Structure formats: structure tokens, C-alpha cells
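What follows is a single structure, written as C-alpha cells, with notes after it.
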There are 2 protein chains.
Amino acid sequence: MNATRRQAVPAVTPPSDDELYGITELAQEYGISLRAIRFYEDKGLLAPRRINGGRAYTRRDRVRLGLILRGKAVGMSLAEIEHILSLYGDHGEGHATQLEYLVGRIDATMTELDTRRRHIEAMLGELGEVRSQLKKALAAKRRLGKG
Amino acid sequence: MNATRRQAVPAVTPPSDDELYGITELAQEYGISLRAIRFYEDKGLLAPRRINGGRAYTRRDRVRLGLILRGKAVGMSLAEIEHILSLYGDHGEGHATQLEYLVGRIDATMTELDTRRRHIEAMLGELGEVRSQLKKALAAKRRLGKG
DNA sequence: CCGAGTGCTTACGTTAACGTCAACATGGTT
DNA sequence: AACCATGTTGACGTTAACGTAAGCACTCGG
């Protein structure tokens, strides 16, 4: 897939900047609608630069979008996701107490996620039991019908 | 709480039946609203008997409600939950092919849940990294400020 | 028999998370 | 200049999952 990777790019690529992506690129890449992406922006989850009126997304933006979708897959609301995304900021210059605060928020988020995971594991366990019950019933039927 | 439990019940209790619960009992027990419980019924997730016009829930119904809430905690929609609840039915008399089918559905559901769990674990991993980054930054600051 | 309490139904309101549609603006191509 | 693809901003529609409110029925203690 990456075999087509010489320096064939038309040479007009601005040298200082990272690669930028259009909105449709992102939409296709992640299999979501343009509307959804703009919606996330409305909600403050994304803030792409504007180039000539259009939205231009950096790698960081792509990562953020990935986190958004992962959050959704996990069952979080956009509000919760926004909450989490704020933990992924720069904090390069953060004051100590601010960093402590962030760590606290992260810990809280992690325990919430852990709770959710435990719920899932419980369901998996219960489903496993149901499954083996069914298997037992099936085996019994087969002993009657074939043995 | 259950200390008031002689056979003081007015004697009109039909002898054949298991214990039944009222809707408010369930609501309080699970900390949800009456409206929510009736809503789940509207959606076909619950089907309590009617006694004298009122809803009467059996232990099985309580279990189902528990599963519903667990499903919600996991981030599933009511539709998905309904899908799963159907796997918990009686199947006592099920035909063999029917049972096979159910096992298949259960397997599918389990892999879906597993996917979700993996998503959660991924997020937990990433958050853990962010957390340790912050910790490092904090330690550095402390070395500057205090050491 | 009456009022309080409990429950039921019907209907409308609400929030989140988008989808859909209309009406432009722009940039490149022919 | 005409056209088309791509993109933008509203505005309105929609679905899920309830909450809230109104009004009727039943039942039980006094």
C-alpha cells in the first residue's frame, strides 16, 4: 500500500507545515458524515484551521477525531468525550496545581471506564453461562435423536 | 428491613405464585423512575403480568430489569439490549436448529462486547500514558521548585 | 362516603446527536 | 463565461430515551 511513496508529490507542498487533510478525507477515512464532523466542531471537540474558508485538519485533529469515535464506541456522550479530550491538550506550560488537577480528572475518568469494563465483563460472563446452558440442551437433544 | 416478615399477609395471597413486586418497589430498588420502567415496557423489554390493573413483576422480571440497566451502563441502546434480552428467554422446548441459532447469536453478541471492551482497554491505556506524562512533568517541576 | 395514596393512560416537552435540504461561495476546468 | 465539484452556513426534521403534567380509576382507613 505504501509502495507508491517516492517524493512524487507535485512540489507545491508548503515546506513548513505538516500534512493537512480535508473534511471529506477524514469523513471517508473514518466512515462518518461531513455533517458529523462539523457537528463535533460545533460542540467544541474539533477546531481545525481555516484555509481559504475551508477546514484544514492536522494530524492532531485526526487523532482527536479518532478519540472521539473511540469514545463513542465505548458508549460515552459527546460531553464526556469533550471532558476526556481536554486531558489530551498540551499542558506543556501547566502550573503544578493545574497538572495535579488534570491527573485527578484522569484518574476519575479511568475508574469510570474501569467500571464500565467490569459491567461488560459481567455481561460476558452471564452470556457465557447462557451459552453453555444452550450447549447442554443441544447435546441432550443429540443424544436422544442420534445416539 | 425484612424483620416484619411473619405470615401477616392478609391471607388472600394466591398460593401457587412466586413473589411479586410492585413497580415502585422495583423503581426504588434500582434507583430509576416509574416512567422509565413503563417506558421499557412500551419498548417490549419488560412484560409484567397485570393484577387488578396494576403491574406485577416476578423475579425474572427483576433480573431482566437488571440486565437492562447493566446494558445501559455498558453504553448499549435499548434496541441492542432488547436484542440481548431475547437471548435470555426460556428456550426450554427449543428445536435443535433453533438452539444452534441462539448460540450463534450469543457468540456474535459476545464478540461485539469483546470489541467494546478492547476499545475501553485501549482508552485506559492511552489515558494511563497521558497520566504518566503529566506525572513526569510534575516531578520535574517539583525538582525545580523544591529540590 | 370521602379523601389520600397509588397506579394507569395520553399527550406534550426535552436533550443529544445527528441527517437533510436549501441557498450560496469558490476554485479549477473546459 | 459556463459548469461542476467541493465546501459553508443556517434552518428544520428525526430518533432515542426519557421527564412532566393532566386526568381518570381503584382502594383503603377513618
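Residue numbering restarts at 1 for every chain, and letters A, B, ... go by the order of the sequence lines. All of these numbers come straight from a predicted model, not from anything done at the bench.
With hydrogens and angles ignored, a donor-acceptor pair under 3.5 angstrom links the side chain of B:Arg35 to the base of D:dT20.
Phosphate contact (OP1/OP2 of D:dT9, side-chain N/O of A:Arg38, threshold under 4.0 Å): absent. The shortest distance between the side-chain N/O atoms of B:Asn52 and the OP1/OP2 oxygens of D:dC26 is not below 4.0 Å. Contact between the side-chain N/O atoms of B:Ser33 and the OP1/OP2 oxygens of D:dG19 is found at a separation under 4.0 Å.
Nucleic acid contact class of B:Arg55 (heavy atoms, under 4.0 Å, all strands): sugar-phosphate only. Residue contacts for A:Leu34: at a heavy-atom cut-off of 4.0 Å it reaches no nucleic acid atom on any strand shown.
In this structure, A:Glu25 atom CD and D:dA5 atom P are separated by 18 Å, rounded to whole Å. The distance from atom NE2 of B:His83 to atom C1' of D:dA16 is 19 Å, rounded to the nearest whole Å. Rounded to whole Å, atom P of C:dT6 lies 16 Å from atom CG of B:Leu26. Atoms CD1 (A:Ile23) and P (C:dA25) sit 20 Å apart, rounded to a whole Å. Rounded to whole Å, atom C1' of C:dG27 lies 14 Å from atom CD1 of A:Ile51. Here D:dA16 presents its P atom at 13 Å from CG of B:Asp42, a figure rounded to the nearest Å.
In the set D:dA17, D:dG19, C:dA17, the nucleotide with an atom closest to the side chain of B:Leu78 is D:dA17. Taking every side-chain heavy atom of B:Tyr40 into account, D:dC18 is the closest of D:dG7, C:dC8, D:dC18. In the set D:dT8, C:dC18, D:dA17, the nucleotide with an atom closest to the side chain of B:Phe39 is D:dA17.
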- Task: Tell me, with the steps shown, if A:Arg38 and A:Ile23 meet side-chain contact (heavy atoms from CB on, under 4.5 Å).
- Result: CA-CA 9 Å; A:Arg38 298 196 194 104; A:Ile23 189 171; 3.8 Å; yes
- Task: Take A:Leu85 and A:Ile81 through the test side-chain contact (heavy atoms from CB on, under 4.5 Å) and record every step on the way to the result.
- Result: CA-CA 6 Å; A:Leu85 279 180; A:Ile81 293 171; 4.1 Å; yes
- Evaluate the criterion side-chain contact (heavy atoms from CB on, under 4.5 Å) for residue pair B:Tyr57 and B:Arg64; output intermediate values, then yes/no. CA-CA 10 Å; B:Tyr57 301 86; B:Arg64 285 179 75 89; over 6 Å; no
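Using a 4.5 Å cut-off on side-chain heavy atoms (C-beta onward), A:Tyr21 and A:Asp61 make no contact.
Nearest-nucleotide positions on DNA chain D place A:Gly53 closer to the 5' end than the other of B:Lys43 and A:Gly53.
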